[in-house]
Amino acid sequence: MTTTAGIPEGWPTTEEQARARQDELRARLVLDEPGPPPGTGHVTGVDVAYDDESDVVAAAAVVLDAATLRVVAEATAVGRISFPYVPGLLAFREIPTVLAALGALDREPGLVVCDGYGLAHPRRFGLACHLGVLTGLPTIGVAKNPFTFTHDDPGSARGSAAPLLAGPDEVGRALRTRDGVKPVFVSVGHRVSLDNACAHTLALTPSYRLPETTRRADALCRRALKEATADARPA
DNA sequence: GCGACAG
DNA sequence: ATCTTGTCGC
């Protein structure tokens, strides 16, 4: 079943409000915990799909057993677009529906893997940080693109990494998850160290460039979006 | 001032 | 994110 998500009271309306909210919430970030060890407990992927025509957004949360990468729980939520896409403000577009999907799970999420960034963000408060602070859960971000950040080329072997840099600051890591394939861009969200975030990412990529969590969540939210838009528009 | 820019 | 056919390769 798919739950319905509304836009929370007090949700930012303008970019100025949204940026101010990020600056407030950043004070609650916890960056001095290592986080759960890879291969133990649960790992949960979250992702969102949009339909620009109808303004509908669908989110999915998929819980995997961290040791076997088997799916142990799934949930989806549907809502309306809560903010336009603005680079640096992605969280305001995705979080209400993601929270609804997470809340509908009947198992503990454990570590949450986001499709996007955490600390690698203009104000050091990307989607993964935001979701972590709001839920209290350990979170990391694994993105497909380097955004505005720079990095040297990691070695071509799986497991090779290079610092993801914002000027002099290491805000994440370009991590090769498959031999000879474009790296992914890992950054810390909340209550997880960067080393551990990379270890989790490697544990979640035995076969593909992207983490199993992201792949499962991506497939599920697309399915949920199709069903939601099909319901709204009969043939 | 003008682009570029996670999804 | 999303619009989209065929095609190369394991």
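Heavy atoms only: backbone and side chains are in, while hydrogens, waters and symmetry mates are out. Below, chain A is the first sequence line, B the second, and so on; all start at residue 1.
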Counting N and O atoms only, with roles assigned by atom type, does the side chain of [X] sit under 3.5 Å from a partner on the main chain of [Y], one being a donor and the other an acceptor?
{"X": "A/R93", "Y": "A/F83", "answer": "yes"}
{"X": "A/H190", "Y": "A/V30", "answer": "yes"}
{"X": "A/H151", "Y": "A/A162", "answer": "no"}

Output the rounded distance in Å from [atom1] ([X]) to [atom2] ([N]).
{"X": "A/F149", "N": "B/dG7", "atom1": "CZ", "atom2": "P", "value": "12 Å"}
{"X": "A/D55", "N": "C/dA1", "atom1": "CG", "atom2": "C1'", "value": "13 Å"}
{"X": "A/L127", "N": "B/dA6", "atom1": "CG", "atom2": "P", "value": "13 Å"}
{"X": "A/F147", "N": "B/dG7", "atom1": "CZ", "atom2": "P", "value": "9 Å"}
{"X": "A/Y85", "N": "B/dA4", "atom1": "OH", "atom2": "P", "value": "13 Å"}
{"X": "A/F92", "N": "B/dG7", "atom1": "CZ", "atom2": "C1'", "value": "15 Å"}
{"X": "A/L90", "N": "B/dG7", "atom1": "CG", "atom2": "C1'", "value": "5 Å"}
{"X": "A/Y117", "N": "B/dA4", "atom1": "OH", "atom2": "P", "value": "18 Å"}

**N/O (side chain, A/N145) to phosphate O (OP1/OP2, B/dG7) under 4.0 Å** =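 It does, given that an N or O in the side chain of A/N145 lies less than 4.0 Å from OP1 or OP2 of B/dG7.
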**Message:** Measuring to OP1 and OP2 of B/dG7, would you say a side-chain N or O of A/K144 lies under 4.0 angstrom away?
**Reply:**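 For A/K144, the contact criterion (side-chain N or O under 4.0 Å from OP1 or OP2 of B/dG7) is met.
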**Request:** Using a strict 4.0 Å threshold on nitrogen-to-oxygen distance, state whether A/D218 and A/R222 make a salt bridge.
**Result:**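 Answer for the salt bridge query: yes.
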**Request:** Determine, for A/K144 against A/D115, whether the closest basic-nitrogen to carboxylate-oxygen distance falls under 4.0 angstrom.
**Result:**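 Here A/K144 pairs with A/D115 in a salt bridge, since their nearest N and O are under 4.0 Å apart.
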**Message:** At 4.0 Å (heavy atoms only), tell me whether A/G88 reaches a base, stays on the sugar-phosphate, or touches nothing.
**Reply:**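 It contacts base atoms.
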**Prompt:** Across the strands shown, which category fits A/L89 at heavy-atom distances under 4.0 angstrom: base, sugar-phosphate, nothing?
**Reply:**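 It contacts base atoms.
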**Message:** Which Ile, Leu, Val, Met, Phe, Trp or Tyr residues join A/Y208 in one cluster when any pair of side-chain heavy atoms under 4.5 Å counts as a link?
**Reply:**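 Traced through the cluster, A/Y208 reaches no other member.
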**Item:** A/F185 with A/V113, same ILVMFWY side-chain cluster at under 4.5 Å
**Value:**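 A/F185 and A/V113: separate clusters.
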**Asked** How does DNA chain B look in dot-bracket form if you count Watson-Crick and G-U pairs under 3.5 Å, write [ ] for pairs that cross, and put | where a base pairs with another strand?
**Response** .......
**Prompt:** Are the side chains of A/V171 and A/F147 in touch, meaning some heavy atoms are under 4.5 Å apart?
**Reply:**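 SC-SC contact between A/V171 and A/F147 ruled out.
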**Request:** Counting heavy atoms from C-beta on, name the nucleotide in B/dC5, B/dA6, B/dG7 closest to the side chain of A/D115.
**Result:**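 The closest nucleotide is B/dG7.
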Show the distances under 3.5 angstrom between N or O atoms of the protein and N or O atoms of nucleotides 2-10 of chain C.
none

**Message:** Any donor-acceptor pair under 3.5 Å linking the side-chain atoms of A/R223 with those of A/T76?
**Reply:**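 No, A/R223 and A/T76 have no side-chain donor paired with an acceptor closer than 3.5 Å.
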**Request:** Using the aromatic ring of A/F185 (for Trp, its six-membered ring), decide whether it stacks on the base of B/dA6 within the limits of 5.5 Å and 30°.
**Result:**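 Not stacked: fails the 5.5 Å / 30° test.
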